[in-house]
Amino acid sequence: MDFELTEEQKMVQQTARSFAQEVLAKTVAERDAEERFPYDEVKQMAELGFMGIAVPEEYNGSGLDIVSYAVMIEELAKVDASAAVVVSVNNSLVCDILLKFADDEQKEKYLKPLASGQKLGAFALSEAEAGSDPGGLICTAGKVGNEYILNGTKNFTTNGSTADVVIVFATINKEIGHKGICAFIVEKGTPGFRVSKKEKKMGIRSSDTCELTFEDCHIPAENLLFQEGKGLKIALTALDSGRIGIASQAIGIAQASLDTALAYAKERKQFGKAISEFQATQFKFADLATEIDAARLLIYRAAALKDAGKKFEREAAMAKLKASQIAVRASDEAVQILGGYGYITDFPVERYFRDAKITELYEGTSEIQKLVIARQLLRE
Ligand code: CAA
């Protein structure tokens, strides 16, 4: 067992850290306040190879491993959780799906430009009545000749209005439950596909979250991914990887919260001394640092298992559960330590506090992660 990152992984960490500090940091507060998508920043991340970091080079990716992916997302999220989720979704929920399930033509046409970051992707699974239970989705895909016709509405789609390509899940037969669900590649601009609502959010406000509507949207049959009826498996496979990404986003927010609170506590004087000298504050820091390390190790374990081609579903769920809990707690403690200054926008911790919550919700709520973990325990 080796707890050190490799030289290559350290290089990714340094590159992502410098980019986040030198580029994302300049505009993050403003973009958050204006709910503005990081268009220029995403272009620059594409140039750095971040948009398809674990996709092999033959498909225009960076050919790196999943540990590098986790390390990169953490560094981005330390500064900008919104930019981190844009990148995470493109990597895990779009490129990873195409790498595993697309045929050669689909890889050529879609994976290559998505992995290079020339195009951006989204993943449209959730619906108003199908969030934690995607097997209950009702968006339909009727087959007519050489086409599928999509009808229905998708909710909470990250990169929804900015994506060039969306992986859409719909059923060809509701009667047969999840065995009717299929995954389709849908291009922006396809007639019948529109962005019906842009969500206003508590946090990650510089990311783009939308409701998408499909009304008699004709998709060529060649845009079906893999096979009919395999859509739910495709989605759940992708979400296992996605959870490593969201766990990494969460740990970035947690670490940034701790770092900001530490720096503040060393400077802030009350009752004649720095508040870092009070044991009550020190114990908070010790607890947070320990929990953050524990969560990060869970993330690295899940990522290393995936890199080794082993099962990692439970480990990814554990990592996301733990990392999102500590993100919420660390950002809450950071606001507490900064006091009034934690509640105003002069310091970033109020943003960390707002950004942290989503990590307990998307790509499977904490309750879903517990369900995944418990099911496997009971099966053993
Ligand atoms: N990988 C691959 N296949 C899987 C799987 C996995 N991790 N887990 C289950 N499956 C398969 C099963 O084998 C089964 O297939 P067969 O019948 O052919 O064997 C099928 O999927 C259904 O399995 P279950 O009956 O076990 O499924 P379930 O209905 O009980 O649900 C669940 C399981 C764990 C609750 C799952 O539905 C789940 O993870 N739900 C949460 C969904 C989620 O994360 N939603 C977030 C959406 S995206 C988002 O957040 C927005 C964004 O843009 C970031």
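All ligand and atom numbering here is 1-based and tracks the order in the structure. Keep in mind that the numbers below use all heavy atoms, side chains included, and drop hydrogens, waters and symmetry copies.
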Nitrogen or oxygen atoms of [X] and ligand 1 under 3.5 Å apart:
X	answer
Tyr362	no
Leu93	no
Thr157	no
Ser132	yes

Tell me if the aromatic rings of Tyr343 and Phe353 count as close, with their centers under 6.0 Å from one another.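 So the answer is no for these two rings.
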Is the distance between the ring centroids of Tyr264 and Phe347 under 6.0 Å? yes
Please answer whether the main-chain N or O of [Y] pairs with a side-chain N or O of [X] as donor and acceptor at a distance below 3.5 Å.
X	Y	value
Asp80	Ala20	no
Thr190	Val186	no
Ser196	Glu211	yes
Ser68	Leu64	no

Counting only heavy atoms on the protein side, is anything nearer than 4.0 Å to atom 25 (O) of ligand 1?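 So atom 25 (O) of ligand 1 lacks protein heavy-atom neighbours under 4.0 Å.
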From atom 32 (C) of ligand 1, is the closest protein heavy-atom distance below 4.0 Å?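 There is no protein heavy atom less than 4.0 Å from atom 32 (C) of ligand 1.
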Residue part near ligand 1, for [X], under 4.0 Å between non-hydrogen atoms:
X	value
Ile368	side chain
Thr237	both
Leu239	side chain
Ile246	neither
Glu127	neither
Glu313	side chain

So for Gly131, does at least one of its heavy atoms come nearer than 4.0 angstrom to any atom of ligand 1? yes
State the OH-CG distance between Tyr69 and Asn91, to the nearest 0.5 angstrom.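 If I round to the nearest 0.5 Å, the distance is 5.0 Å.
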To the nearest 0.5 angstrom, please state how far the CD1 atom of Ile337 sits from the CG atom of Asp332. 10.0 Å
Report yes or no: is the cationic atom of Lys230 (NZ for Lys, CZ for Arg) closer than 6.0 Å to the six-membered ring centre of Phe101, at no more than 45° off its axis? no
In the protein, which heavy atom is nearest to atom 37 (O) of ligand 1, and how far is it?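 Sorting protein heavy atoms by distance from atom 37 (O) of ligand 1 puts Pro134 CD, 3.4 Å first.
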